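Worksheet: the structure to be examined is printed underneath.
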Amino acid sequence: MAHELEFVNGVAQMAYVGDVPWHGLGIEVPEDTSAMDMMALAGLDWEVKELETFVEFEGKKLPTGTKALVRDIDGKVLTQVGANWNPVQNHEAFAFFHDFVEAGDMKMHTAGSLKEGQIIWALAKVEDDFTLFNGDKVESYLLFSNPHQYGKCIDIRFTPIRVVCKNTLSLSLSMTSENRVSVNHRRAFDAEAVKETLGIAHTKMEKYRDMAEFLGTKRYTPVSLDEFLTDLFGAKTGTEGDLTRTGETVREIISTQPGANYAEGSWWQAYNAVTYFTDHLAGRSNDTRMQSAWFGANQKKKVDALNKALQYAEAA
């Protein structure tokens, strides 16, 4: 089975704090691990080199005008880029967390390598959480993805995680500018400017909490739930109103998912059925599922689910 998580000599290039994630992949590290130590323990203490590329024509080597990003520890070619590409080294990405970890505002949580080194990520727990509905705890994390891949941007965003089921929740599109920064490689990475844009020191999850509390006070009906799932996952070909297999699966797990007892029958529960499905049931394997839930199609699906759940809750 194909893996999105990178393996070197049979070892997953990932480090984690606390509970074993994704069926034991990675190396467990102490809770007080520094950002730079997390990088090293996850096997990410390497750099990329920009090398000119050439083609052979009639015995001559002709420059192509593009460069290859090559990993310095093994010569692996990660991608082809243009002349104006500005790579961000892994140590720069992890240094982004250093001051916050040292000040006690964050703790490193996980870090790893996807797609054979093309995507490097680091996740830190922010000391900012809340509890809803007499026990439904939501924690805040900061996710930094550093792609060594043409066409991909550096992505830094806040990611709420529902503790009871480890669902990575998504902030609504209306909050994107406040909780996410995307930086392309056409200019040099400016860590201080990104921190200022995010407002890390003062960012709280009050808006997200307000949305969650609102969803928990509004109940769905069998009809509105099926309409919600059809909006998200479509209908069976040639039919009207018949849910796809995915839609049926999500409907089935609403009352059995972890945390189903919190705000039972509400749009909060319906929304979390979607996030539980994308994070724990969809996809071919655990690490491909993680890739999609954080960076791929299922990340957008969760944003769509939150926005649609809010729309249905407002109409309830």
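Computed from a predicted structure; not experimentally measured.
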Please tabulate, for side-chain N and O atoms in residues 245-253, each donor-acceptor pair with protein atoms closer than 3.5 Å (sequence neighbours left out).
{"from": "T249", "atom 1": "OG1", "to": "R245", "atom 2": "O", "distance (Å)": "3.0"}
{"from": "R251", "atom 1": "NH1", "to": "D226", "atom 2": "OD1", "distance (Å)": "2.9"}
{"from": "R251", "atom 1": "NH1", "to": "D226", "atom 2": "OD2", "distance (Å)": "3.1"}

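- The minimum heavy-atom distance between Q269 and A263, with the atom names listed, is CB-O, 3.9 Å.
- Across all their heavy atoms, Y271 and A309 have their closest contact at CB-CB, 4.1 Å.
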Test side chain to side chain contact (heavy atoms under 4.5 Å, CB included) on N272 and R162 and set out the steps. CA-CA 9 Å; N272 275 291; R162 193 183 185 208; 3.2 Å; yes
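- Panel note: side chain K301, backbone L232; a donor-acceptor pair is recorded below 3.5 Å.
- Between K195 and F100 there is a side-chain heavy-atom pair separated by less than 4.5 Å.
- Hydrophobic clustering places F144 together with V194 (ILVMFWY residues linked when any side-chain heavy atoms are closer than 4.5 Å, directly or through intermediates).
- No donor-acceptor pair under 3.5 Å is formed between the side chain of Q257 and the backbone N or O of Y276.
- Going from atom CD of E31 over to atom OG1 of T33 covers 9.0 Å, rounded to the nearest 0.5 Å.
- At least one side-chain heavy atom of L243 sits less than 4.5 Å from a side-chain heavy atom of T230.
- Listed for the T53 side chain is a donor-acceptor partner under 3.5 Å among the backbone atoms of T66.
- Among all heavy-atom pairs drawn from L225 and A270, the shortest one is CD1-CB, 4.0 Å.
- Between atom CD of residue E227 and atom OH of residue Y220 there is a gap of 14.5 Å, rounded to the nearest 0.5 Å.
- The shortest heavy-atom contact between E127 and G104 is CG-O, 3.5 Å.
- Considering only residues two or more places apart in sequence or on other chains, F94 meets the ring-ring contact (aromatic ring centres under 6.0 Å, His included) condition with none of them.
- With salt bridges taken as basic N to acidic carboxylate O contacts below 4.0 Å, none links K115 and E6.
- Contact annotation: the side chain of V17 never approaches that of E28 to less than 4.5 Å [non-hydrogen atoms, C-beta and beyond].
- A salt bridge links K302 with D279: the closest approach of a Lys/Arg side-chain nitrogen to an acidic carboxylate oxygen falls below 4.0 angstrom.
- When ring centroids are compared, Y16 and H109 stay outside the 6.0 Å threshold.
- Taking the charged nitrogens against the carboxylate oxygens, E213 and R209 do have a contact shorter than 4.0 Å, which makes a salt bridge.
- Under a hydrophobic clustering in which Ile, Leu, Val, Met, Phe, Trp and Tyr are joined whenever their side-chain heavy atoms come within less than 4.5 Å, directly or via other members, L78 and V8 fall into different clusters.
- Between S145 atom OG and K152 atom NZ the span is 9.5 Å, to the nearest 0.5 Å.
- Between the side chain of D155 and the backbone N or O of S182 there is no donor-acceptor pair closer than 3.5 Å.
- Annotation: the span from D72 atom CG to L69 atom CG amounts to 12.0 Å, rounded to 0.5 Å.
- Here the closest heavy-atom approach between residue I156 and residue L142 is recorded as CG2-CD1, 4.1 Å.
- Taking 4.5 Å as the limit, some side-chain heavy atom of C153 sits within range of a side-chain heavy atom of N184.
- Ring planes of W268 and F133: tilted class, angle from 30 to 60°.
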Steps toward side chain to side chain contact (heavy atoms under 4.5 Å, CB included) verdict (L215, T217): CA-CA 5 Å; L215 291 175; T217 64; over 6 Å; no
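- By the 30° and 60° cut-offs, the orientation of the rings of F233 relative to F277 is perpendicular.
- In this structure the side chain of V138 never reaches within 4.5 angstrom of the side chain of I161, judged on heavy atoms.
- There is a path of hydrophobic side-chain contacts, each under 4.5 Å, that joins I73 to L41.
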Could you walk me through whether Y262 and E264 pass the side chain to side chain donor-acceptor pair (under 3.5 Å) check? CA-CA 5 Å; Y262 297 118; E264 189 173 0; over 6 Å; no
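- Atom OG of residue S34 and atom CE of residue M39 lie 9.0 Å apart, to the nearest 0.5 angstrom.
- Side chains of E139 and Y141: a donor-acceptor N/O pair is present below 3.5 angstrom, by distance only.
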Side chain to side chain donor-acceptor pair (under 3.5 Å), that's the test. Do N84 and H185 meet it? Break it down for me. CA-CA 8 Å; N84 61 345; H185 290 271; over 6 Å; no
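- Under a cut-off of 6.0 angstrom, the local environment of CD in Q118 is crowded, with over 12 non-hydrogen atoms contributed by other residues, nucleotides or ligands.
- The ring of W46 has its center closer than 6.0 angstrom to the ring center of H148.
- For the salt bridge (charged side-chain N to carboxylate O under 4.0 Å, His left out) test, no residue two or more places apart in sequence or in another chain qualifies with E52.
- Two residues are said to be in side-chain contact when any heavy atoms from C-beta on lie closer than 4.5 Å; V164 and K137 fail this criterion.
- Aromatic ring pairs are classed by plane angle as parallel below 30°, tilted from 30° to 60° and perpendicular above 60°; the pair F130 and Y208 is tilted.
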With side chain to side chain contact (heavy atoms under 4.5 Å, CB included) as the test, would you mind laying out the steps for Y150 and W85 before giving the verdict? CA-CA 9 Å; Y150 179 76; W85 181 276; 4.1 Å; yes
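- Interatomic distance, D99 CG to M106 CE, rounded to the nearest 0.5 Å: 10.5 Å.
- Side-chain contact between F189 and P87: absent, with no pair of heavy atoms (C-beta onward) separated by less than 4.5 Å.
- Both L310 and Y312 belong to a single network of hydrophobic side chains, linked directly or stepwise wherever heavy atoms of I, L, V, M, F, W or Y lie under 4.5 Å apart.
- A salt bridge between D304 and K300 is present, with a side-chain N of the basic residue lying under 4.0 Å from a carboxylate O of the acidic one.
- Across all their heavy atoms, V77 and A68 have their closest contact at CG1-CB, 4.2 Å.
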Would you sort out whether V181 and R157 count as a side chain to side chain contact (heavy atoms under 4.5 Å, CB included), showing the intermediate values? CA-CA 6 Å; V181 174; R157 64 174 180 259; over 6 Å; no
